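Remember, predicted model here, so these are calculated numbers, not experimental data.
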Amino acid sequence: DAAARGVRVRLLVDDMTLDDKDALFERLDAHANIEVRRFNPFRTSRPSLPSKVAQFLVEGPRLNRRMHNKSFIVDNRAAVIGGRNIGNEYFGAGTEVPFKDLDVIAIGHAVGDISAQFDLYWNSASAYPAALIVPAGEADVPAMRARFKDARDDPVSVTYLRAVADTPLVQDLLERRLPFEWADAVVVRDDPSKTLDSAPERGSLALAQMLDVAGPPVASFDLISPYFVPGEKGTQALEQLARRGVRVRVLTNSLAGTDVAVVHSGYAKRRCALARAGVTLYELKPSVADLAGNKRKAASDSSAARLHAKTFALDRDRVFVGSFNFDLRSALLNTELGLIIHSPPLAERLSRTFDGLVVENSYEVRPVAGEPCIEWVERTAGTETVYATEPHTSGWSRFWLSVFMALPIDWML
């Protein structure tokens, strides 16, 4: 629709999971006003599994590094950045289990910096015009419009679009009365060259900028990360904060609720040390869908969701929102993007979430003497239920977790 109005549309997409979307991008790229580039791509279109494995064996150091940035920029006047991918489950649409996510809409000076990072990636050596990988097709606009109409006319889509239209956010946007929080915001981002295998030990510029701009916490540090893998150094840093009297609270997915169990292992091996040092750990309860073992049937339930937001608040004074997962993959392998916002009201809102919703919807991991070194506490309706093992998990899943914990793979997670 935007391209038909004469808008220049540029799509820069990471190439890792685009195998089944080649035809779509081929048609989009053929449109006169749309250009598609694929970041750090495989060498062939629609590679088979054996082809992917072969390419990973030859070019693993390059292909294992991905562009994880997420940004949506309009007319260099407004930008949306955060942790959300473009897919039904990330917007609570369709019938899959949705992810709970978090973005910010930015206007003002920060938008220019976000646009500059897009141009930097768009013009980088790792961004390839889609036509070099997928043969140029025809801009069959009528056929695409017919597909879009079928999708919009689907009863699930109709229900979803009505629900979105009724939200206060959309109503405020359409009536041009969206309330902004005026604050200083600083863009932190990695350089696109981080994905090149010529610099295998390149550190995270985004993380360095984040630590520098945000500064050390004095009183409180509230962190939300779906894939929390602090590693040895990160664990030591959080332990030191807690022992200095800083209140440190972390929310991540539980084993029963995560969609990537192997990543959970990188966090699980650090839980005892963190809990014993005084870090308060919360693990989001599994959704109804997870417990039922039927994602499609249970996804309509309001409690069916997984954590995907990446954010933190320092001293109820400044807040980060972006794509950084607070794992070693974000630090060492992927490129990331985010905003440090100096805003007590926004930071206060995030910290209040820990005071209420996080406690109600999570298990608290509590240290105990001896082995096992921790227990899980569930609080509902004024009562406490204590679990000695990962709640709502099978012995089989806990066995595989222990196997993953023994492997030296934290740097990949």
Side-chain angles (χ1 to χ4, degrees), residues 3 8-31 34-47 51-56 58-74 79-87 90 103 113-137 187-207 209 227 308 310 322-325 327-338 412:
R8 181 192 67 169
V9 178
R10 294 187 295 171
L11 298 174
L12 178 61
V13 290
D14 188 81
D15 195 64
M16 178 59 77
T17 57
L18 297 185
D19 303 349
D20 60 343
K21 302 176 182 67
D22 279 345
L24 172 63
F25 286 115
E26 175 185 333
R27 287 184 170 181
L28 287 172
D29 192 53
H31 195 291
I34 302 177
E35 185 177 358
V36 180
R37 293 188 181 182
R38 298 168 73 147
F39 194 85
N40 199 22
F42 285 85
R43 292 186 177 274
T44 56
S45 173
R46 296 191 183 100
S51 174
K52 271 195 168 183
V53 171
Q55 290 185 59
F56 259 106
V58 176
E59 297 185 89
R62 176 180 71 85
L63 291 173
N64 195 33
R65 294 169 177 263
R66 310 311 316 171
M67 182 187 69
H68 199 236
N69 312 19
K70 299 98 166 50
S71 63
F72 176 64
I73 308 154
V74 180
V80 179
I81 69 170
R84 197 184 312 267
N85 294 311
I86 304 300
Y90 297 95
D103 303 305
D113 293 339
I114 297 169
S115 291
Q117 81 61 51
F118 182 92
D119 287 335
L120 183 67
Y121 276 76
W122 180 263
N123 295 309
S124 72
S126 295
Y128 289 74
L132 294 180
I133 301 165
V134 180
V187 176
V188 293
R189 54 116 182 125
D190 279 313
D191 192 278
S193 62
K194 185 179 178 183
T195 57
L196 300 177
D197 58 2
S198 60
E201 301 303 323
R202 185 184 299 273
S204 173
L205 181 59
L207 178 59
Q209 293 172 337
Y227 312 115
H308 198 257
K310 308 99 164 49
S323 65
F324 198 95
N325 263 323
D327 58 14
L328 297 184
R329 170 162 285 277
S330 287
L332 301 175
L333 299 175
N334 292 345
T335 66
E336 307 291 349
L337 172 70
M412 294 179 60

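- Not one N or O on the side chain of N40 forms a donor-acceptor pair closer than 3.5 Å with the backbone of S126.
- A donor-acceptor pair under 3.5 Å links the side-chain atoms of S330 to the main chain of N325, judged by distance alone.
- Salt bridge status for D119 with R10: present, with a side-chain N to carboxylate O gap under 4.0 Å.
- Scored by the side chain to side chain donor-acceptor pair (under 3.5 Å) test, S124 finds no partners at all (sequence neighbours excluded).
- Listed for the H68 side chain is no donor-acceptor partner under 3.5 Å among the backbone atoms of F324.
- Looking only at side-chain heavy atoms (C-beta outward), N64 and L333 come within less than 4.5 Å of each other.
- Residues forming a side chain to side chain donor-acceptor pair (under 3.5 Å) with R37 (at least two apart in sequence, or on another chain): E35.
- Judged purely by atom type and a 3.5 angstrom limit, Q55 has no side-chain atom pairing as donor or acceptor with the backbone of F42.
- Two residues are said to be in side-chain contact when any heavy atoms from C-beta on lie closer than 4.5 Å; D103 and I81 fail this criterion.
- Every residue meeting the side chain to side chain donor-acceptor pair (under 3.5 Å) condition with N85, not counting sequence neighbours, appears here in chain and number order: K70, Y90.
- Side chain of R189 to main chain of A206: no donor-acceptor pair is present (N/O by atom type, distance under 3.5 Å, no hydrogens or angles).
- Residues N334 and R66 have side chains that never bring a donor and an acceptor to within less than 3.5 angstrom of each other.
- Only one option out of N69, L120, T335 pairs with P192 in a side-chain contact (heavy atoms from CB on, under 4.5 Å); it is L120.
- Between the D29 side chain and the A130 main chain, no donor and acceptor come within less than 3.5 Å of each other.
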